[in-house]
4 protein chains.
Amino acid sequence: MTSRPAPAGKRPPGGPVLQQDVTRALETAFFEELASVGYGKLSIEAVARRAGAGKAAVYRRWPSKQAMTVELASQAALKAVRAPDMGSLHADIAQFIRETMTALSHPLVSRIAPDLLAETARNEELADALLSGIRTPRRENAALVLHRAIERGELPADTDIELGLDFLVSPAYWRLAVIRTPVDDGYVERLTVKIIAAMKA
Amino acid sequence: MTSRPAPAGKRPPGGPVLQQDVTRALETAFFEELASVGYGKLSIEAVARRAGAGKAAVYRRWPSKQAMTVELASQAALKAVRAPDMGSLHADIAQFIRETMTALSHPLVSRIAPDLLAETARNEELADALLSGIRTPRRENAALVLHRAIERGELPADTDIELGLDFLVSPAYWRLAVIRTPVDDGYVERLTVKIIAAMKA
Amino acid sequence: MTSRPAPAGKRPPGGPVLQQDVTRALETAFFEELASVGYGKLSIEAVARRAGAGKAAVYRRWPSKQAMTVELASQAALKAVRAPDMGSLHADIAQFIRETMTALSHPLVSRIAPDLLAETARNEELADALLSGIRTPRRENAALVLHRAIERGELPADTDIELGLDFLVSPAYWRLAVIRTPVDDGYVERLTVKIIAAMKA
Amino acid sequence: MTSRPAPAGKRPPGGPVLQQDVTRALETAFFEELASVGYGKLSIEAVARRAGAGKAAVYRRWPSKQAMTVELASQAALKAVRAPDMGSLHADIAQFIRETMTALSHPLVSRIAPDLLAETARNEELADALLSGIRTPRRENAALVLHRAIERGELPADTDIELGLDFLVSPAYWRLAVIRTPVDDGYVERLTVKIIAAMKA
DNA sequence: AGATAATCGAGACGGTACGTCCCGTCTTGCT
DNA sequence: AGCAAGACGGGACGTACCGTCTCGATTATCT
């Protein structure tokens with residue numbers, strides 16, 4: 001989100017001049033607090049307290065808990081979007097899965113992501129913001145991997161991209177985030193082989 | 001949970017006699033409240049208010065929000081576990097996926113399940129209770145489908161059951177609960193074909 | 001104020017049942033807090049904190065700082081109204097002055113009274129409440145002393161009561177509360193003689 | 001206070017040069033603010049706002065609310081000290097009382113004086129400053145009236161000066177500032193007669 | 001006259017209190 | 001004894017200010 005109205009730092013003319021170090025402290029505190037109590041119980045007061053700031057410092061930057069969440073979560077999620085290009089479909093998929101698992105294993109992500117996800121079922125606006133800010137770009141990026149494989153002739157031209165994308169991430173997410181079952185060393189390798197077989201079928 | 005200490009109904013001699021209609025009203029109110037505000041913001045007071053009861057009526061039955069959640073959620077989840085046996089692997093899998101999708105589409109489930117799931121990342125005891133109460137029995141049930149297919153010769157004897165189970169549910173969960181993307185009419189059919197191809201690879 | 005709507009204790013039917021010990025703790029805390037920071041800076045939060053109570057406990061009893069002040073101050077002031085009757089004008093006046101000085105010397109009174117007095121210049125409603133609740137009854141009581149002296153023949157029938165009442169208390173108040181100048185042992189005696197001389201003139 | 005370190009105007013070489021118009025605007029704003037909200041609630045921010053100045057402009061001149069109060073109040077009080085000399089005791093006393101009443105009736109004085117007085121009970125330093133800056137000079141001035149009357153033979157040489165001074169102002173202060181009771185046209189005249197009678201007794 | 005420095009207004013900072021609402025605990029009658 | 005009702009201490013809400021401190025822009029003196 002490169003053109004958002006820049007809540008921190010100097011705004012064009014006449015705007016308030018917020019201090020960046022305070023902004024950074026609030027962002028850090030927000031994620032820590034979100035991870036430890038969840039979206040529902042997250043209080044602005046606790047975020048400010050954890051950051052060593054006053055409540056007004058928060059409200060000067062974001063009008064509400066939801067606005068703060070949408071901005072910071074989208075911002076953070078976008079950093080992680082990148083399509084691997086290792087030269088072969090097998091290597092690309094294995095790498096993609098490994099990166100997904102690494103991200104989902106991060107203590108902050110593993111606590112925050114399911115929490116925000118759950119909140120989207122209850123909060124239309126948050127859902128729109130997060131889905132269009134995270135899901136769509138990530139999905140488009142992953143599609144690149146498949147299109148490159150088609151160009152290289154590793155996949156047939158009529159490959160079911162939609163289903164392929166679902167296979168690409170869902171098992172990893174399922175094991176790590178949903179059923180919370182540990183993953184063998186060879187799991188990624190076996191998974192990659194099966195995914196390619198499924199896409200070729 | 002067949003041997004739990006029966007919080008409702010008449011206890012052995014000398015115990016308190018709680019009124020079953022109050023208990024039932026509280027259970028219903030609990031799920032409605034959980035669906036509408038989430039686990040984090042769920043309050044005993046709101047449950048009691050919705051049930052038209054006093055707060056003490058809740059605390060007489062369950063010592064805490066967590067205990068109430070563990071008991072009622074496990075209780076509800078166990079009702080839904082059943083393995084299809086349609087005669088062919090293809091039909092079994094398609095049926096299993098359809099049933100999963102139907103369950104996940106239920107308004108109460110679609111709001112409550114991700115919410116409790118998110119809470120497990122923060123709450124070890126709740127995690128243990130829900131995973132062993134829901135995940136394990138469901139997974140054992142699904143394994144039956146695959147073992148029957150092996151016996152029928154539809155799958156090789158060395159089929160990777162672990163991976164197969166992951167493929168069986170993860171794409172459906174992924175689309176419905178995570179990326180909240182609508183599902184074509186033919187999706188289940190195409191998905192079933194791919195899953196079988198993957199398991200045979 | 002015997003017919004006020006009883007903020008503490010049981011109200012007629014259906015009213016809230018407030019706990020008297022909490023009410024008493026709040027009253028004590030109110031006077032201590034008023035004495036230590038003054039009316040202007042007195043905060044409900046500090047009163048509650050000092051009483052070990054929640055803010056809601058205060059607001060359940062009084063709707064505002066001013067209402068709390070009017071009720072508690074009037075209530076307290078009325079307890080101290082009493083006209084001496086020693087048998088002679090000299091003794092009555094000396095006694096009245098001594099009682100006034102004792103009251104004004106009380107640490108709580110000496111801090112609170114001038115403070116509330118100052119506030120009346122700014123707050124019409126508080127002024128009305130305090131003046132009619134304190135000034136008028138006290139003045140009527142003091143008038144009794146003079147009327148009895150007239151009946152006894154110690155003062156002429158046309159004594160200027162109005163002026164007499166002013167002489168009765170103003171020097172004592174002036175020295176203790178205004179110019180804060182210490183008072184000799186013989187001061188009351190000399191003052192009494194002069195007051196009687198003035199009234200007879 | 002003739003030797004105070006001149007917070008406004010040019011200081012010796014090297015000192016800061018404060019703008020006198022800003023200083024004057026702050027002084028005016030201070031008294032207006034003091035009259036309208038009282039000492040306890042008076043805030044530097046409100047003074048600066050009323051003066052159309054920044055908060056720093058105040059703090060550059062006075063280190064604290066109390067220092068500002070002590071300086072400005074003492075400064076203002078000293079202007080009003082003057083002993084009448086009309087030729088007779090009766091005329092002097094009547095004039096003194098009238099001047100006192102006029103001063104106490106001034107809207108700013110009637111709000112500010114009792115307020116600062118009340119604050120002295122809580123604030124030793126303010127008490128010292130105001131009492132020695134106002135009470136003492138005023139009392140010495142009033143004593144002149146009585147000494148001149150003794151020299152003229154209107155009062156006996158052993159007149160109780162201490163008590164006389166108390167009689168001179170306390171009733172006026174009492175009626176105007178304490179019991180806030182209106183004063184007849186003839187009140188000053190009757191009061192003057194009684195005071196003289198008391199002093200001669 | 002131009003350089004330099006201090007004062008200016010404005011306002012962000014960490015705080016505190018506001019009056020309201022709601023939490024889980026506990027108490028009080030009524031059924 | 002179980003029930004609803006609700007007072008209790010506590011805590012968070014979002015707002016309004018507080019005194020402190022930091023900004024450029026302006027102004028006033030000193031080379």
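All figures in this text were calculated on a predicted structure; none of them were measured in a lab. Note on naming: letters A, B, ... go to the chains in the order of the sequence lines (proteins, then strands), and numbering restarts at 1 for each one. Note: hydrogens, waters and symmetry copies are ignored here, and every other heavy atom, side chains too, is used.
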Which residue lies toward the 5' end of DNA chain E, Gly52(D) or Glu45(B), if each is placed at its nearest nucleotide? Gly52(D)

Does the side chain of Met68(D) come within less than 4.5 Å of Val47(D)'s, by heavy atoms? yes

Do Ser74(D) side-chain atoms and Glu71(D) backbone N/O form a donor-acceptor pair below 3.5 Å? no

Tell me: CD of Glu33(D) to P of dG19(F), nearest whole Å? 11 Å

Return no unless some side-chain N or O of Arg60(B) is found under 4.0 Å from OP1 or OP2 of dC3(F). yes

Taking atom C1' of dC21(E) as reference, at what distance in whole Å does atom CD1 of Ile44(A) sit? 17 Å

Which residue lies toward the 5' end of DNA chain F, Leu42(D) or Leu42(A), if each is placed at its nearest nucleotide? Leu42(A)

Could you tell me whether the phosphate oxygens of dG2(F), OP1 or OP2, come under 4.0 Å of any side-chain nitrogen or oxygen in Arg61(B)? no

Integer-rounded Å distance: dT20(F) P and Trp62(D) CH2: 15 Å

Give me the one residue out of Arg111(C), Arg49(C), Arg50(C) that meets salt bridge (Lys or Arg N to Asp or Glu O under 4.0 Å) with Glu32(C). Arg50(C)

Polar pairs (N or O, both sides) under 3.5 Å between protein and nucleotides 25-27 of chain E?
unit_1, atom_1, unit_2, atom_2, d
dT25(E), OP2, Tyr59(B), OH, 3.0
dT25(E), O4, Lys55(B), NZ, 3.0

Using atom CZ of Arg49(D) as one end and atom C1' of dC18(F) as the other, report the distance to the nearest whole Å. 10 Å

Using whole Å, what does the distance between atom P of nucleotide dC13(F) and atom CD of Gln66(A) come to? 15 Å

Checking all strands, does Ala46(A) fall into the base, sugar-phosphate, or nothing category for heavy-atom contacts under 4.0 angstrom? nothing

Separation of dC18(F) P from Lys65(D) NZ (nearest whole Å): 10 Å

Got a salt bridge between Glu119(A) and Arg122(A), using NZ or NE/NH1/NH2 to carboxylate O under 4.0 Å? yes

Report the distance from atom CD of Glu33(C) to atom OG1 of Thr28(C), rounding to the nearest 0.5 Å. 12.5 Å

Protein-nucleotide distance (Arg50(B), atom CZ; dC22(E), atom C1'), rounded to Å: 16 Å

Whole-Å distance, Asp21(D) CG to dT27(F) P, equals 12 Å

Looking at Tyr39(B), does the NZ or CZ of Lys65(B) lie under 6.0 angstrom from its six-membered ring centre and within 45 degrees of the ring axis? yes

Taking 4.0 Å as the cut-off, does a side-chain nitrogen or oxygen of Ser43(D) come that near to OP1 or OP2 on dC17(F)? no

Applying side-chain contact (heavy atoms from CB on, under 4.5 Å), can you list everything that pairs with Ser64(B), at least two apart in sequence or on another chain? Gln66(B), Ala67(B)

